[in-house]
Amino acid sequence: MGYKVVIADDEQLILKNLAQIIDWHGLNCEIIGTAQNGKEVMEIIKNQQTDLLLTDISMPEMSGIELLKTLNQTDNMPMVILISGYDDFEYAKEAIKNNAFDYILKPIDYEELEDGVKRALNKLKEQKVSVYRHEKNAIYELITSGKVDVQIKNKQALYFSVIVKNYKEDIEFIFTKNADFLSKWNANLFVYKLSEREVMVVVEMAKHFINQTAEITDAFSQQLLHEGSDQCVISVGKVVEQLFEIKHSVDAAKELLKYENYISGNVLTEERLKKEYKPSQSAADMMEEALDYIRDNFQTDLGMEQIAERAGLSVSYFSLLFKQKTGLTFLDYLTNVRMEYACLFLRNTALKTYEIAEKVGYTDQRYFSQVFKKKMKNTPSEYRKLVKNK
């Protein structure tokens with residue numbers, strides 16, 4: 001991905017020369033905007049990520065120094081080279097104080113300016129590599145453990161994840177060999193190998209693409225599909241608008257993979273799932289089956305994940321339906337069933353407490369007694385005495 005450059009000068013001729021005399025293309029740079037005052041510069045930078053700014057120090061409405069001070073308050077300040085007609089140390093001092101990279105005097109020596117641009121680009125390259133590595137590690141921590149790196153800001157940008165199964169090519173190479181594709185979206189890619197069969201790609205883009213997210217996610221998945229095989233499966237997570245929400249996108253992509261056998265084609269999206277996947281049972285039927293299964297197997301080591309999987313639902317959706325059906329959480333309902341049967345055993349058998357605990361699904365008698373007392377307000381022994389005396 002090339003470097004994005006903005007040029008600002010209130011003199012039209014100088015602006016034209018700055019845009020044409022330097023071989024920007026040869027330096028892997030793209031001029032994304034020109035401006036004749038500081039306010040116009042801020043408008044460009046607000047809407048597009050900018051790497052390098054060349055700006056005159058003396059401009060109407062907002063001077064180069066005022067522009068520097070404003071840029072210092074932003075999250076993604078570009079590298080700034082100031083151009084000035086003032087051969088005054090105080091101006092240079094003020095520029096350096098406000099984080100200008102270089103200070104070039106007029107009349108402009110274009111060789112000197114190009115040398116300054118090259119040094120700025122080398123510095124940018126070093127910074128980008130360092131930031132990229134740090135951000136890649138931080139994203140991995142967010143996804144795998146939910147931990148937030150305290151040194152990473154919650155960047156406001158567009159993020160989405162793509163999980164790819166059965167892919168035989170180098171995914172990073174697939175995109176980087178197509179420079180025009182990446183340049184169009186100005187995207188960062190973070191690629192993680194999850195296993196021998198699965199690769200995850202996290203895509204980061206500027207927020208001004210917000211109205212094109214459907215087009216972009218489709219373009220990325222089609223690019224992968226074009227280079228992949230008939231056996232590959234591509235699951236596209238939802239788009240989120242800040243770095244710390246990326247786990248939501250990854251979880252959504254993982255969830256979609258559960259339905260790969262129910263959806264046509266190689267690309268799984270939430271939209272396609274809604275259109276094509278029709279559960280064979282109603283939610284009410286599923287919950288009835290789940291309740292029956294719990295009552296038939298309460299004495300085993302039951303977990304909500306296990307029953308949700310039997311129903312073909314995500315854990316979160318199953319939990320929601322279960323609460324709507326019973327008014328209880330899964331654990332509370334299971335505990336109630338176990339206590340109900342424990343009471344039956346205490347009333348009608350001479351089984352010892354530890355034997356009853358095992359029969360209703362508890363391996364630890366002490367824990368069983370604690371749960372029983374909390375629910376029934378008596379220990380198992382006290383409960384047995386009470387029912388016998390009635």
Side-chain angles (χ1 to χ4, degrees), residues 1-22 24-25 27-86 91 94-104 106 108 113 116-117 120-121 123-124 127-128 131 153-159 182-188 203-213 215-216 239-243:
M1 184 173 63
Y3 299 98
K4 309 298 180 183
V5 179
V6 173
I7 303 173
D9 198 298
D10 60 333
E11 294 184 45
Q12 191 66 40
L13 182 60
I14 292 178
L15 197 60
K16 184 178 179 181
N17 285 341
L18 288 170
Q20 293 180 353
I21 290 178
I22 292 177
W24 293 108
H25 182 74
L27 295 174
N28 194 26
C29 292
E30 175 193 357
I31 298 174
I32 60 170
T34 59
Q36 291 188 275
N37 61 64
K39 287 186 177 178
E40 289 179 5
V41 171
M42 288 306 302
E43 194 61 33
I44 296 169
I45 290 176
K46 183 175 73 174
N47 291 314
Q48 297 191 68
Q49 174 62 43
T50 304
D51 299 305
L52 177 64
L53 168 65
L54 268 62
T55 180
D56 187 17
I57 202 169
S58 175
M59 292 186 295
E61 297 190 52
M62 182 188 286
S63 71
I65 296 294
E66 290 171 330
L67 178 58
L68 262 178
K69 290 177 180 178
T70 303
L71 287 170
N72 271 301
Q73 306 303 313
T74 63
D75 289 334
N76 299 303
M77 181 179 174
M79 200 76 74
V80 180
I81 295 176
L82 273 177
I83 300 169
S84 174
Y86 303 109
Y91 280 102
E94 189 72 9
I96 292 166
K97 176 183 170 185
N98 286 284
N99 300 314
F101 177 77
D102 206 349
Y103 187 87
I104 305 290
K106 291 181 179 179
I108 300 168
L113 178 60
V117 168
L121 295 178
K123 180 86 172 178
L124 273 169
Q127 289 178 351
K128 282 197 170 190
V131 168
K153 289 183 180 179
N154 188 16
K155 191 189 290 187
Q156 304 299 300
L158 299 180
Y159 294 89
L182 284 181
S183 178
K184 180 179 180 181
W185 307 115
N186 194 22
N188 279 326
V203 183
E204 174 191 85
M205 296 171 303
K207 262 205 167 178
H208 65 266
F209 289 118
I210 186 67
N211 295 322
Q212 297 170 262
T213 53
E215 178 188 349
I216 292 168
V239 178
V240 296
E241 296 185 34
Q242 51 186 334
L243 177 60

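Computed from a predicted model, the values in this text were never measured in an experiment.
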With sequence neighbours left out, write down each residue that passes side chain to side chain contact (heavy atoms under 4.5 Å, CB included) with E204, or none if nothing qualifies. E135, K155, A157, Y159, N188, F190

Under the rule for side chain to side chain contact (heavy atoms under 4.5 Å, CB included), what residues qualify as partners of I96, not counting sequence neighbours? none

Heavy-atom distance under 4.5 Å between the side chains of H208 and L158, does that happen here? no

Is there side-chain contact between P78 and V6, with at least one heavy-atom pair below 4.5 Å? no

Minimum heavy-atom distance [X]-[Y], with the two atoms named:
X	Y	answer
L18	W24	O-NE1, 2.9 Å
L67	G38	CD1-O, 3.8 Å
N37	P60	CB-O, 3.3 Å
Q12	Q36	OE1-NE2, 3.2 Å
A100	L68	CB-CD1, 3.8 Å

Rounded to the nearest 0.5 Å, what separation is found between the [atom1] atom of [X] and the [atom2] atom of [Y]?
X	Y	atom1	atom2	result
L27	L121	CG	CG	6.0 Å
H25	I31	NE2	CD1	12.5 Å
K128	K123	NZ	NZ	15.0 Å
I65	T55	CD1	OG1	9.5 Å

Test your reading of the model: is there a side-chain donor-acceptor pair from [X] to the backbone of [Y], 3.5 Å cut-off?
X	Y	value
D51	K4	yes
S58	D56	no
Q156	N154	yes

Taking only Lys NZ, Arg NE, NH1 and NH2, and the carboxylate oxygens of Asp or Glu, determine whether K106 and D9 approach each other closer than 4.0 Å. yes

For E66, enumerate each residue passing the salt bridge (charged side-chain N to carboxylate O under 4.0 Å, His left out) test, keeping only those at least two apart in sequence or located in another chain. none

